[in-house]
J.: 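Below is the structure I would like to discuss, written out as structure tokens.
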Amino acid sequence: MPPLSASPTPADIASLSNAGGDSRAPVGIFDSGLGGLSVLRAVRAQLPDEAILYVADSLYAPYGERDDDFIADRTLAIGQWLVGQGAKALVVACNTATAQSIALVREKLSIPLIGVEPGIKPAALQSKTRVAGVLATYSTLRSARFQTLLERYAADCRFLCQPGHGLVQAVERCDVGSTELRALLRGYLEPMLDAGADTLVLGCTHYPFLDAAIRDIVGDRLMLIDTSVAIARQLERVLAQHGLRADRPAETAAPVLPRFYSTSDGCHQQQLTRSLLQIEAAVERVVIPSRRTAAPDSQAA
Ligand code: DGL
């Protein structure tokens, strides 16, 4: 698929921006790759009347092992691109991007922003053994934002924090159940079970797609905490606060399908969207340059 369009200029952004608040405009959802589709699934269930633009930055995934400046640079560029496409609100459906850059992006964009963070609070509320595992990217786990979350909620609960090296890459190639993937997961999860954990925080939006493989290993010994439904509810509240909820379409109107974009070829995105979300839709390739990725196919880190 040929690239569709380049990054909008500031003038484009100003003229297309929905900072004025058009409730008919779409919601932008973005992730480093395919993980944010787990958030999109929850948003569609909660807010079926909202139009959605989804961007997967798969050319540069995974973010989890990138430096902070790179992650902030990409998050801002994609946020600006989505504003340029007319998005009325932005969901940063990536724990890593939220942890590293939400404050900066909030400062620069004029639309309401919703970030995601690992479900430490619900885990601390629900764990009976007071031992909980957290699976997240290395970048999320080492972020100041995550450390603050832990300090706030982990007073009487022990959190076993495990970087999920290799898991994002697996989902990006649509591997949600191979033998290699299961071995990787077993290596991460068995020490948590041995330590008495009864709860597992899925601290990366890619991981809900691994729930069947995780269940095969842990059975019902771990309660899985996935925050996608909470994010969808938060989006609903924020849209309502800003008077931006989409009107209910006429009974006869066809359901709105999200528009999917990828900075890569989009093949795996289309496959995952079809198999796990039961959505049949094209993925358009886009070029979204940023300071750290001046050339479209640059892999600069
Ligand atoms: N889905 C992203 C998250 O929630 C994955 C980040 C990555 O690309 O490493 O953190």
J.: Sorted by first residue and then second, give each side chain to side chain donor-acceptor pair (under 3.5 Å) pair with at least one member in residues 155-171; sequence neighbours left out.
T.: E65-H165, R130-D156
J.: Does the pair L82 and V55 meet the rule for a side chain to side chain contact (heavy atoms under 4.5 Å, CB included), with working shown?
T.: CA-CA 8 Å; L82 279 162; V55 176; 3.9 Å; yes
J.: To the closest 0.5 Å, what do you measure between CD1 (I111) and CD (Q80)?
T.: 10.5 Å
J.: For a 4.5 angstrom cut-off between non-hydrogen side-chain atoms, does R215 reach L224?
T.: yes
J.: Please work out whether the ring planes of F30 and Y63 are parallel, tilted or perpendicular, with thresholds of 30° and 60°.
T.: tilted
J.: Are any non-hydrogen side-chain atoms of P191 and L160 less than 4.5 angstrom apart?
T.: no
J.: Considering residues, nucleotides and ligands other than D220, do more than 12 of their heavy atoms fall under 6.0 Å from its CG?
T.: no
J.: Mind checking the OG-CG spacing from S143 to N95? Nearest 0.5 Å is all I need.
T.: 9.5 Å
J.: Would you list the pairs meeting side chain to side chain donor-acceptor pair (under 3.5 Å) in which at least one residue belongs to residues 38-48, sequence neighbours left out?
T.: Q46-E236
J.: Not counting sequence neighbours, which residues clear salt bridge (charged side-chain N to carboxylate O under 4.0 Å, His left out) with E280? List them please.
T.: R274
J.: What residues, two or more places apart in sequence or in another chain, satisfy side chain to side chain donor-acceptor pair (under 3.5 Å) together with Q269?
T.: none
J.: Does a side-chain heavy-atom distance below 4.5 Å link L244 with P112?
T.: yes
J.: How long is the straight-line distance from CG of L37 back to OH of Y54, given to the nearest 0.5 Å?
T.: 4.0 Å
J.: Got a list of side-chain donor-acceptor pairs under 3.5 Å for residues 71-78, not counting sequence neighbours?
T.:
| residue | atom | partner | partner atom | Å |
| --- | --- | --- | --- | --- |
| D73 | OD1 | R291 | N | 3.2 |
| D73 | OD2 | S290 | OG | 2.7 |
| D73 | OD2 | R292 | N | 2.8 |
| R74 | NE | D57 | OD2 | 2.9 |
| R74 | NH1 | I288 | O | 2.6 |
| R74 | NH1 | S290 | OG | 3.0 |
| R74 | NH1 | T293 | OG1 | 2.9 |
| R74 | NH2 | D57 | OD1 | 3.0 |
| R74 | NH2 | I288 | O | 3.1 |
| T75 | OG1 | I71 | O | 2.7 |
| T75 | OG1 | S101 | OG | 3.4 |

J.: Going by heavy atoms in the side chains, are V27 and L239 under 4.5 Å from each other?
T.: yes
J.: Name all residues meeting the side-chain contact (heavy atoms from CB on, under 4.5 Å) criterion together with R142; count only those two or more places apart in sequence or in a different chain, and write none if there are none.
T.: D68, Q100, Y138, S139
J.: With side chains defined as the heavy atoms from C-beta onward, is the minimum distance between M192 and R221 less than 4.5 Å?
T.: no
J.: With sequence neighbours left out, what residues match R182 under salt bridge (charged side-chain N to carboxylate O under 4.0 Å, His left out)?
T.: D216
J.: What distance do L185 atom CG and L181 atom CG have between them, rounded to the nearest 0.5 Å?
T.: 4.5 Å
J.: Pairs of donor and acceptor atoms involving the side chains of residues 200-211, under 3.5 Å and at least two apart or interchain, shall be tabulated with distances.
T.:
| residue | atom | partner | partner atom | Å |
| --- | --- | --- | --- | --- |
| T205 | OG1 | A93 | O | 2.8 |
| H206 | NE2 | G35 | N | 3.3 |
| H206 | NE2 | E172 | OE2 | 2.7 |

J.: Closer than 3.5 angstrom, by distance alone: can the side chain of K88 be matched with the main-chain N or O of D22 as a donor-acceptor pair?
T.: no
J.: Identify, with sequence neighbours excluded, every residue that meets side chain to side chain donor-acceptor pair (under 3.5 Å) alongside D198.
T.: S127, T129
J.: Return the set of residues passing side chain to side chain donor-acceptor pair (under 3.5 Å) with T273 (not counting sequence neighbours), or none when no residue passes.
T.: none
J.: Mind checking side-chain contact (heavy atoms from CB on, under 4.5 Å) for E190 and listing every partner two or more places apart, or none if nothing turns up?
T.: R186
J.: Enumerate, atom names and distances included, each donor-acceptor pair closer than 3.5 Å involving a side-chain atom of residues 145-155, sequence neighbours excluded.
T.:
| residue | atom | partner | partner atom | Å |
| --- | --- | --- | --- | --- |
| R145 | NH2 | E117 | OE1 | 3.4 |
| Q147 | NE2 | L141 | O | 2.9 |
| T148 | OG1 | A144 | O | 2.8 |

